[in-house]
2 protein chains.
Amino acid sequence: MIRILIVDDHPLFAEGIKSIFNMEEDIEVVRHIINGKAVPDFLQHNEIDLILMDIDMPVIDGIETMRMLNQQGFDIPILMLTMHQSLRKVRAALEEGAQGYILKDASKAELLEAVRTTSARKNYFHRKINDHIFNYFRGKNSTSAKADQLSEREKQVVRCISEGLNTRSIAKELYISEHTVKTHRRNIMHKLKVKTSAELIKLAYEKGVI
Amino acid sequence: MIRILIVDDHPLFAEGIKSIFNMEEDIEVVRHIINGKAVPDFLQHNEIDLILMDIDMPVIDGIETMRMLNQQGFDIPILMLTMHQSLRKVRAALEEGAQGYILKDASKAELLEAVRTTSARKNYFHRKINDHIFNYFRGKNSTSAKADQLSEREKQVVRCISEGLNTRSIAKELYISEHTVKTHRRNIMHKLKVKTSAELIKLAYEKGVI
DNA sequence: TCATCAATACCCCTTTTGGGGTATTAGAGG
DNA sequence: CCTCTAATACCCCAAAAGGGGTATTGATGA
């Protein structure tokens, strides 16, 4: 019997997954937790064979949660779930020792396969992701690799820009110098290949950055 | 018995929802379709009480699919599903006659309530987006009426700005002088009470201008 | 230990934006 | 016929954004 802990901030999605697992003889969903912070406490009082965790969560995200679990010495295979195929997230998850990685647009069969594979401590990586990883290692020295996503700080700057703040106000808001804000803005624009702040905000909206 | 057709490009999510419905006595998922294009053909051979459709789909999106169904004379209540709370999408869905709108991070109970409400041809709007709709309609009839509505020409300018075009390029694009573009931009910003183009684009997205 | 990278900060400079005016013309509507 | 507005166009000028550098620090990975 594979005992699973689901960590996901989307109740509907989690409920759905739970229902899928309920129809399987060998899988049991022990608990569904919304917030990553509550995971260590739960693990100390429960025997779990696999953690199925969403990467994108509001309070602390999946990567952070994994880091926390690693630091506290927990050794439970983790299958990461996500909507996005961001290479950066995949890399971060791998670096933190994720046992597998699956997209939310996977099929039911793929999910079950991923769960059974990772709970046996074997790696499972969704086909769509494999291409990304391959491309990453292949093109490690090219310039396209780093043009991936924005750092947390950069996202903060994007949000400030979208609020209509100018460089000076952003500097005050984030307690950094105007020069730094300018540098961040420039780096962001280079990464996202846009020429104006307006275009940046449009892209950010469409890509879900903000 | 509520007979449901699910139109969603995320198999896992759809499977989950299906499982939830399977546990309900009065709800039956007749089919899950990945691509909106296949919906009319399916409806011609099946009796359906409610369509549960994702807004964001790759080939043709939920709004387009609704438009198609309306043109072909189908009259089946539609409950729209989405990850995002974009007012633009909500408005578009309402204009095409959607019976309801629910976010993918809703709870199981909310989903079931939404399904039962909309299948009875009553409107259901998720709490989180009610505020958006309220604000939109409130602004429409208030004293700031003119400050809300942009002229067609002004909307064109907004769209150009969002594409990252500068004043010169917009002037060329619209076959008017740069001075005129500046005047339009200034008037737009006055009307919407924003200070930067970036803020303008953010507002435009949220208010559904573009 | 060394290489990288994110975050920070500063220099140079040109181009664009934003804010204040004014004015003409063509249409829509009383 | 007259008014009101959208769209057009121009003036001036200060402020901000954008684009090119370089450099230091601290954390982290190989």
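We name chains A, B, ... by the order of the sequence lines, and we start the count at 1 in each one.
Checked against D:dG18, C:dT8, D:dT8, the side chain of A:Ile176 finds its nearest nucleotide in C:dT8. The side chain of B:Ser177 sits closest to D:dC10 out of D:dG19, C:dA7, D:dC10. Comparing atom distances between the B:Ser197 side chain and each of D:dG18, D:dG20, C:dT17 picks out C:dT17 as nearest. Of the candidate nucleotides D:dA16, C:dG18, D:dC11, D:dA16 has the atom lying nearest to any side-chain atom of A:Asn166. For B:Thr183, the side-chain atoms get nearest to D:dC10 when compared with the rest of C:dG19, D:dC10, C:dC10.
Across the protein-nucleic acid pair, A:Leu165 atom CG and D:dA15 atom C1' stand 16 Å apart, rounded to whole Å. Rounded to whole Å, atom C1' of C:dC5 lies 17 Å from atom NE2 of A:His190. Remark: C1' of C:dG19 and CE of B:Met189 are 11 Å apart, rounded to the nearest angstrom. Between the NZ atom of A:Lys182 and the P atom of D:dA15 there is a distance of 15 Å, given to the nearest Å. In this structure, CG of B:Asn187 is placed 14 Å from P of C:dT22, rounded to the nearest angstrom. Between the P atom of D:dA9 and the CD1 atom of B:Ile170 lies a distance of 14 Å, rounded to the nearest Å. Atom pair A:Glu154:CD and C:dA6:P shows a separation of 7 Å (rounding to whole Å applied). In this structure, A:Glu178 places its CD atom 10 Å from P of C:dC10, rounding to the nearest Å.
Taking A:Arg3 as the reference, A:Asp49 meet the salt bridge (Lys or Arg N to Asp or Glu O under 4.0 Å) condition, with sequence neighbours excluded.
For B:Phe13 and A:Phe13, the ring centers sit closer than 6.0 Å to each other.
The side chain of B:Thr180 places an N or O atom within less than 4.0 Å of a non-bridging phosphate oxygen (OP1 or OP2) of D:dA9. When the side-chain nitrogen and oxygen atoms of A:His179 are compared with OP1 and OP2 of C:dA9, none of them lie within a distance under 4.0 Å. Taking side-chain N and O atoms only, A:His184 has a distance below 4.0 Å to OP1 or OP2 of C:dT8. Contact check, B:Arg168 against C:dT16: a side-chain N or O comes under 4.0 Å of OP1 or OP2.
Judged by distance alone with a 3.5 Å cut-off, no donor-acceptor contact links the side chain of A:Lys195 to the base of D:dG19. Put simply, the side chain of B:Arg185 and the base of C:dG18 share no donor and acceptor less than 3.5 Å apart.
In this structure, A:Arg153 reaches the sugar-phosphate backbone alone: every heavy-atom distance under 4.0 Å involves primed, P, OP1 or OP2 atoms, never a base.
Annotation for A:Pro40 and A:Met68: closest pair CG-CE, 3.5 Å, computed over non-hydrogen atoms.
Among the candidates A:Asn22, A:Ile4, A:Leu52, A:Val29, the single residue satisfying the side-chain contact (heavy atoms from CB on, under 4.5 Å) test with A:Ile17 is A:Leu52.
Here A:Lys18 pairs with A:Glu15 in a salt bridge; the nearest charged N to carboxylate O distance falls below 4.0 Å.
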